[in-house]
A.B. asks: 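For reference, the structure I am asking about is given below.
We count residues from 1, following the sequence as given. Counting convention: from 1, in listed order, for ligands and their atoms alike.
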Amino acid sequence: MALVKAIKSSKPPKQGMLKNVMAQFEAASKLVNLNPNIKKILEVTNNELIIYFPVRMDNGTIEIFKGYRVQHNNALGPYKGGLRYHPTIDIDSVKALAMWMTWKTSLAGLPYGGAKGGIQMDTSKYSTAELERITRRFTYALGENIGPEHDIPAPDVNTNAQTMAWIADTYMSTKSPSERSKNQHVVTGKPIGSGGLEGRDRATGYGVFLTIKYWAKHKNVNLKGKTFIVQGFGNVGYWAAYFLEQEGAKMVGAQDAYASITYEDGINVSQLLEYTKTNQGSIEGYPNATSIDKDAFFGLSCDILIPAALGNQITVDNAPAIKAFLIAEGANGPTTVEAEQILLEKGVEIIPDILCNSGGVIGSYFEWLQNRNGELWQLDDILTKLDKKIKDVFRKVLETSKSKKIDMRSAAYVLAIKRIENAYVQRGIFP
Ligand code: GLU
């Protein structure tokens, strides 16, 4: 997502993501009959770090920032998860997002645990130089709480490859010269020239598209001519829309923090992206579409809805109006549990976040392997590997959902939790 113009909604989204993830976990634990002792472990986060750190502003004054890193669980491997810079960042939202990472990496079969972090801030208020100093000082403050074999951050809302380059450089600079290079994989999502993976930028959006494609195949739905709307036209929303358009589907609506637009005959995805580049990252005022009220957006006529912004966007207030037959969760936690109930009763299908947007962390895993092994992978191979992985995970979720007669989110949770439970059963609890 663009650093230049952050999401600055006048009314920040209601929190409560922690409530949602806990309710989802509770329901899934019953489905798998989760060992009660292991349940106790997974209900809490391993480590929660809150750090206040000072940064010099361009005008010479010092501002204090509040940064977070929550490490939920590492039974399957090092902690993994993004860093989000947003005013809504607080301890509960980071805990929720860290838990979702644990389920996501487990479901994808990656050798990772789950973490999340960020800074409570509005990035639009800071210059690039300030953002660089904030990021570097945050990295320094995190110290050895992150590390290439311990906890590996990545981009999330309002952070990007540039942010990761600053983190990698700062972290590596704190090491002795002979140790620097081998620490490059302390973060993933880096720029290609600095150890980044070809295609990591589109990995999440491509993964969203692939899950929609495999869902459509399974349902015998032809995506050509189908209509979709996207909430959030950042990295995830844009790439998901791009690949859907390539497949012949039509974007009939888009929303960001500033505007909601619609055009029945289809909004050209590349043209809209070009427009945002001239408009501080926003779709507001795009001339080839009609502006609509923010609250009317989810009710637009369409086949597929892709929430690709923040959590808790689909609520009891707007779920009844949703016309799409499929929701593909590009964002983390976009649907509240109550809204999901309404949607499932209406027959709307949901590709859950921990499956739908897992292309990002799968791409991160490839980057981490590439750095660790001193390799450079080709884009074609990467996209093929990503496709294979998503296809496989999607198939497993679908099979579980059919055999147990449960919705896709429940099926995804069943698989994710079982894998972690198995690791604990094998190893036992120290001492
Ligand atoms: N922020 C992304 C997510 O929520 C990517 C995390 C990662 O690659 O570690 O899945």
A.B. asks: Quick check on the 6.0 Å ring-centre criterion: do W377 and F366 meet it?
C.D. replies: yes
A.B. asks: Near K80, which atoms of ligand 1 are under 4.0 Å from a heavy atom of that residue?
C.D. replies: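 Answer for ligand 1: 7 (C), 8 (O), 9 (O).
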A.B. asks: Between D90 and K66, does at least one N-O distance fall below 4.0 Å, as a salt bridge requires?
C.D. replies: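 The answer is no: the pair does not qualify as a salt bridge.
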A.B. asks: Look at atom 3 (C) of ligand 1 and say which protein heavy atom is nearest, naming residue and atom and giving the distance to 0.1 Å.
C.D. replies: K104 NZ, 3.3 Å
A.B. asks: Are H185 and E149 close enough, and set up right, to give a side chain to side chain donor-acceptor pair (under 3.5 Å), and what steps lead you there?
C.D. replies: CA-CA 8 Å; H185 54 301; E149 307 293 328; 2.9 Å; yes
A.B. asks: Just to be sure I read this right, does ligand 1 sit under 4.0 Å from the backbone of N332, its side chain, both, or neither, counting only heavy atoms?
C.D. replies: side chain
A.B. asks: Within the 4.0 Å heavy-atom shell around M101, which atoms of ligand 1 are there?
C.D. replies: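 With M101 as reference, the close atoms of ligand 1 come out as 3 (C), 4 (O), 6 (C), 10 (O).
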A.B. asks: Just jot down the ligand 1 atoms closer than 4.0 angstrom to any heavy atom of V361, in number order.
C.D. replies: 7 (C), 8 (O), 9 (O)
A.B. asks: Nearest 0.5 angstrom please: I382 CD1 to E367 CD, how far?
C.D. replies: 9.5 Å
A.B. asks: State the atoms of ligand 1, each with its element, that fall below the 4.0 Å cut-off from a heavy-atom position in G81.
C.D. replies: 9 (O)
A.B. asks: Is P155 touching ligand 1 with its side chain, its backbone, both, or neither, if touching means heavy atoms under 4.0 Å apart?
C.D. replies: backbone
A.B. asks: Looking only at protein heavy atoms, which one is nearest to atom 5 (C) of ligand 1, and what is the separation?
C.D. replies: R200 NH2, 3.7 Å
A.B. asks: Which protein non-hydrogen atom lies closest to atom 7 (C) of ligand 1, naming both residue and atom, and how far is it?
C.D. replies: A154 CB, 3.3 Å
A.B. asks: Angle class for the F138/F53 ring planes (parallel below 30°, perpendicular above 60°, tilted otherwise)?
C.D. replies: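 If you compare the ring of F138 with that of F53, the planes turn out parallel.
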A.B. asks: Can you name the atoms of ligand 1, numbered from 1 with element, that are less than 4.0 Å from a heavy atom of K116?
C.D. replies: 1 (N), 3 (C), 4 (O)
A.B. asks: Decide salt bridge (charged side-chain N to carboxylate O under 4.0 Å, His left out) for D303 and K226; before the verdict, give the C-alpha distance in whole Å, the side-chain angles of both, and the deciding distance to 0.1 Å.
C.D. replies: CA-CA 6 Å; D303 300 314; K226 291 288 173 297; 5.3 Å; no
A.B. asks: How far is atom 8 (O) of ligand 1 from its nearest protein heavy atom, and which residue and atom name does that atom have?
C.D. replies: S364 OG, 2.5 Å
A.B. asks: Would you say Q184 and Y171 are linked by a side-chain donor-acceptor pair, where the criterion is simply a distance under 3.5 Å?
C.D. replies: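 No pair is found: no donor N or O on one side chain lies under 3.5 Å from an acceptor on the other.
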A.B. asks: Using 30° and 60° as the class limits, which term best fits the ring planes of W103 and H72: parallel, tilted or perpendicular?
C.D. replies: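 Perpendicular: the ring planes of W103 and H72 meet at over 60°.
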